[in-house]
Amino acid sequence: MYGVARIWQLGSYCQLSLSDGVTPTREYDYVQENGKARRFPDEAAVLNYLYALGWEVLPNGVHEDRYRYLLKRRTP
């Protein structure tokens, strides 16, 4: 299973837009926590979060203020 992650650098924090390839999402649908877009302190925190969700993360370029990653489910 594959997906796409977009990490948005917004001043002093980052937000994550995650598409798992199954659930319909839009580019600006951020990962939610308590009904609000979750804020991460930096890009490394986002990558660790994705790893904890079971994704292998592969760089896929930078566009303006966002970093793109191709995601692949890790095999157990």
Side-chain angles (χ1 to χ4, degrees):
M1 184 165 153
Y2 294 90
V4 175
R6 293 174 199 86
I7 300 174
W8 305 81
Q9 183 67 47
L10 302 166
S12 63
Y13 62 91
C14 295
Q15 288 181 319
L16 170 64
S17 173
L18 177 61
S19 172
D20 64 10
V22 177
T23 309
T25 58
R26 296 175 304 220
E27 186 174 16
Y28 297 100
D29 285 345
Y30 299 119
V31 170
Q32 299 284 314
E33 182 176 71
N34 298 324
K36 295 182 180 178
R38 181 172 177 173
R39 291 183 175 192
F40 297 87
D42 53 35
E43 187 179 354
V46 177
L47 296 175
N48 286 326
Y49 173 78
L50 292 169
Y51 185 84
L53 292 178
W55 292 107
E56 181 179 330
V57 181
L58 307 164
N60 193 22
V62 178
H63 185 275
E64 296 177 3
D65 60 348
R66 61 188 170 244
Y67 301 88
R68 293 179 51 96
Y69 293 90
L70 179 63
L71 305 175
K72 180 182 176 190
R73 280 282 180 208
R74 291 191 318 268
T75 53

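What you are looking at is a predicted structure, and each value in this text was computed from that prediction instead of being measured.
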Query raised in the report: What distance separates L16 CG from W8 CH2, expressed to the nearest 0.5 Å?
Result: 11.0 Å

Query - R6 side chain to S19 backbone, donor-acceptor under 3.5 Å - result: no

Report summary line: One should read off an interatomic distance between H63 NE2 and R68 CZ, to the nearest 0.5 angstrom, of 9.0 Å

Query raised in the report: Of the non-hydrogen atoms in E56 and R74, which two are nearest, and what is the gap between them?
Result: N-CG, 3.7 Å

Query raised in the report: L50, V4: one ILVMFWY side-chain cluster at the under-4.5 Å cut-off?
Result: no

Query - Spacing of Q32 atom CD and Q15 atom CD [to the nearest 0.5 Å] - result: 9.0 Å

Report task. Please report the closest heavy-atom contact between E43 and I7, naming both atoms and the distance. Result -> CG-CD1, 3.9 Å

Query raised in the report: In terms of heavy-atom contacts, does OH of Y51 have more than 12 from other residues, nucleotides or ligands at under 6.0 Å?
Result: no

Query raised in the report: Taking all non-hydrogen atoms of both residues, which atom of M1 and which atom of D20 are closest, and how far apart?
Result: CE-O, 3.4 Å

Query raised in the report: Shortest non-hydrogen contact from Y30 to A37?
Result: CB-CB, 3.7 Å

**Report entry** V22 reachable from L18 in the ILVMFWY side-chain graph, under 4.5 Å edges
**Finding:** yes

Requested in this report: Evaluate side-chain contact (heavy atoms from CB on, under 4.5 Å) for L71 paired with V57, printing each intermediate quantity in order.
Outcome: CA-CA 5 Å; L71 305 175; V57 181; 3.9 Å; yes

Query raised in the report: Pick from Y67, W55, Y69: which one makes a side-chain contact (heavy atoms from CB on, under 4.5 Å) with L47?
Result: Y69

Query raised in the report: Closest heavy-atom contact between V46 and C14?
Result: CG2-CB, 4.1 Å

Query raised in the report: Is the ring centre of Y49 less than 6.0 Å from the ring centre of F40?
Result: yes

